[in-house]
Amino acid sequence: MTFRIGDFKLKIDPALLRREGRSMRKDGRAPDELRPVTITPRFIKHAEGSALIEVGDTKVVCTVSVEDRVPPFLKGGGEGWVTSEYGMLPRATTTRSQREVSRGKPSGRTHEIQRLIGRSLRAVVDAKALGERTLWVDCDVIQADGGTRTASITGAFVALVDALRHMKKQGVFAELPLVDFVAATSVGKVGGEILLDLNYEEDSKAEVDMNVVKTGRGLFVEVQGTAEHTPFSEDEMRALMASADKGIQQLITAQKAVVGDVVLKKERAGS
């Protein structure tokens, strides 16, 4: 079963959806409107957890695999680990890019995105309750049109819930070691206007480009923001954050519709 943001309009604050007095973008969206979002859970047969997320023309396959061991630096500590690998198919973009494996090592950009995805998911997983296990999160971009890292985080959370439920059915733990939801989106300033969820064309000419990761309770996990030419003001920063918050609220609503009822731990084990 798949879900789109439009399916949840009755559950979203109408103020988030109003368009009066706002200019429209080339793709017909209002400045603070997400691209159409579809999340298809259990997309890959063999993985413990998986999801396909489509954000406009950006499409990412997210899988979660379970390994009954942890990295050496965690061995014997009773805690689990969540880590990520990220990659793009050669023709995910308009021109072919060489596979990183044929170059001998991942690029700096890939390293950065992998670490971001891992940090984002670790922020909502109770490592003690997970036990000495590693959750490998693989995010493979099959089509790119901007926002691949933020789509990866949002889709990977759905795959993560899928994998944890699989483990619970096997008796690994009595309750899911999750303390919150997490999702991410991009915001930016393009042509002097604050825009939510930039596609590639908008991102390539943005004066300000920002990625925001937040939990379901509204707590920040990470903010990556850069002014390409002209520095931006505190007022613009507040507007960017407000737009990102609206988008993330909608994305988490979509996640909740896909994964159904999830009982979250009130606190981390040992906290």
Treating [X] as the side-chain partner and [Y] as the backbone partner, does any N or O pair qualify as donor plus acceptor under 3.5 Å?
| X | Y | result |
| --- | --- | --- |
| Thr134 | Arg69 | yes |
| Glu79 | Gly131 | no |
| Thr154 | Ala184 | yes |
| Ser50 | Ile44 | yes |
| Ser120 | Leu116 | yes |
| Glu236 | Ser233 | yes |
| Arg133 | Val70 | no |
| Ser204 | Tyr200 | yes |
| Thr226 | Glu228 | no |
| Asp138 | Thr63 | no |

Can you list the steps and then say if His166 with Arg42 is a side-chain contact (heavy atoms from CB on, under 4.5 Å)? CA-CA 11 Å; His166 173 81; Arg42 294 175 292 283; over 6 Å; no
Min side-chain heavy-atom separation [X]-[Y] under 4.5 Å:
| X | Y | value |
| --- | --- | --- |
| Asp57 | Gln143 | yes |
| Val64 | Glu48 | no |
| Ile53 | Val158 | no |
| Phe73 | Trp81 | yes |
| Leu195 | Glu202 | yes |
| Thr83 | Leu135 | no |
| Glu207 | Thr230 | no |
| Met167 | Val66 | yes |

Mind checking whether [X] and [Y] sit in one hydrophobic cluster, side chains of I, L, V, M, F, W, Y counted as touching below 4.5 Å?
| X | Y | result |
| --- | --- | --- |
| Val61 | Val82 | no |
| Leu89 | Val55 | no |
| Trp136 | Val182 | no |
| Leu219 | Val179 | no |
| Val190 | Met241 | no |

Only pairs at least two apart or in different chains count here, so list each salt bridge (Lys or Arg N to Asp or Glu O under 4.0 Å) that has a residue in [range].
| range | result |
| --- | --- |
| residues 112-125 | Glu112-Arg149, Arg119-Glu222 |
| residues 176-188 | Asp180-Arg217 |
| residues 157-171 | none |

Once you round to the nearest 0.5 Å, how far does [atom1] of [X] lie from [atom2] of [Y]?
| X | Y | atom1 | atom2 | result |
| --- | --- | --- | --- | --- |
| Leu178 | Leu130 | CG | CG | 9.5 Å |
| Ile153 | Leu160 | CD1 | CG | 12.5 Å |
| Ile194 | Leu240 | CD1 | CG | 4.0 Å |
| Ile113 | Glu85 | CD1 | CD | 13.5 Å |
| Thr58 | Asp145 | OG1 | CG | 5.0 Å |
| Leu196 | Lys246 | CG | NZ | 9.0 Å |

Start with the C-alpha distance between Glu54 and Arg35, add both sets of side-chain angles, then the distance that settles side-chain contact (heavy atoms from CB on, under 4.5 Å), and finish with yes or no. CA-CA 9 Å; Glu54 302 170 70; Arg35 289 173 287 178; over 6 Å; no
Output all residues satisfying salt bridge (charged side-chain N to carboxylate O under 4.0 Å, His left out) with Lys256, sequence neighbours left out; order by chain, then residue number.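 Checked Lys256 against salt bridge (charged side-chain N to carboxylate O under 4.0 Å, His left out); zero matches.
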Using a strict 4.0 Å threshold on nitrogen-to-oxygen distance, state whether [X] and [Y] make a salt bridge.
| X | Y | result |
| --- | --- | --- |
| Lys26 | Glu201 | yes |
| Arg29 | Asp27 | yes |
| Glu100 | Lys105 | no |
| Glu175 | Lys265 | yes |

Could you go through Val60 and Leu52, starting from their C-alpha distance and side-chain angles, then the distance that decides it, and tell me whether this counts as side-chain contact (heavy atoms from CB on, under 4.5 Å)? CA-CA 6 Å; Val60 186; Leu52 168 69; 6.0 Å; no
Selection residues 42-62 - residue pairs positive for ring-ring contact (aromatic ring centres under 6.0 Å, His included), sequence neighbours left out: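 Counting only pairs at least two positions apart or across chains, no ring-ring contact (aromatic ring centres under 6.0 Å, His included) contact touches residues 42-62.
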Is there any ring-ring contact (aromatic ring centres under 6.0 Å, His included) pair reaching into residues 202-234, and which pairs are they, with sequence neighbours excluded?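 For residues 202-234, and leaving out neighbouring residues, there are no ring-ring contact (aromatic ring centres under 6.0 Å, His included) pairs at all.
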Angle between ring planes, Phe157 versus Phe181, binned at 30° and 60°: parallel, tilted or perpendicular?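 Ring orientation of Phe157 relative to Phe181: tilted.
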[atom1] of [X]: more than 12 outside heavy atoms within 6.0 angstrom?
| X | atom1 | result |
| --- | --- | --- |
| Glu234 | CD | no |
| Arg99 | CZ | no |
| Phe173 | CZ | yes |

Restricting to non-hydrogen atoms, name the atom on [X] and the atom on [Y] that form the minimum distance, rounded to 0.1 Å.
| X | Y | value |
| --- | --- | --- |
| Ile248 | Thr185 | CG1-CG2, 3.8 Å |
| Ala183 | Ile252 | CB-CG1, 3.7 Å |
| Ala156 | Val137 | CB-CG1, 3.7 Å |
| Gly155 | Cys62 | C-SG, 3.7 Å |
| Pro177 | Ala129 | CB-CB, 3.7 Å |
| Thr95 | Thr93 | O-OG1, 2.8 Å |

With distance as the sole criterion, is a donor-acceptor pair present between the side chains of Thr148 and Tyr86 under 3.5 Å?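 Side chains of Thr148 and Tyr86: pair found under 3.5 Å.
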How far apart are the C-alpha atoms of Val221 and Lys214, what are their side-chain angles, what is the distance that settles it, and do they pass the side-chain contact (heavy atoms from CB on, under 4.5 Å) test? CA-CA 5 Å; Val221 177; Lys214 295 184 76 173; over 6 Å; no
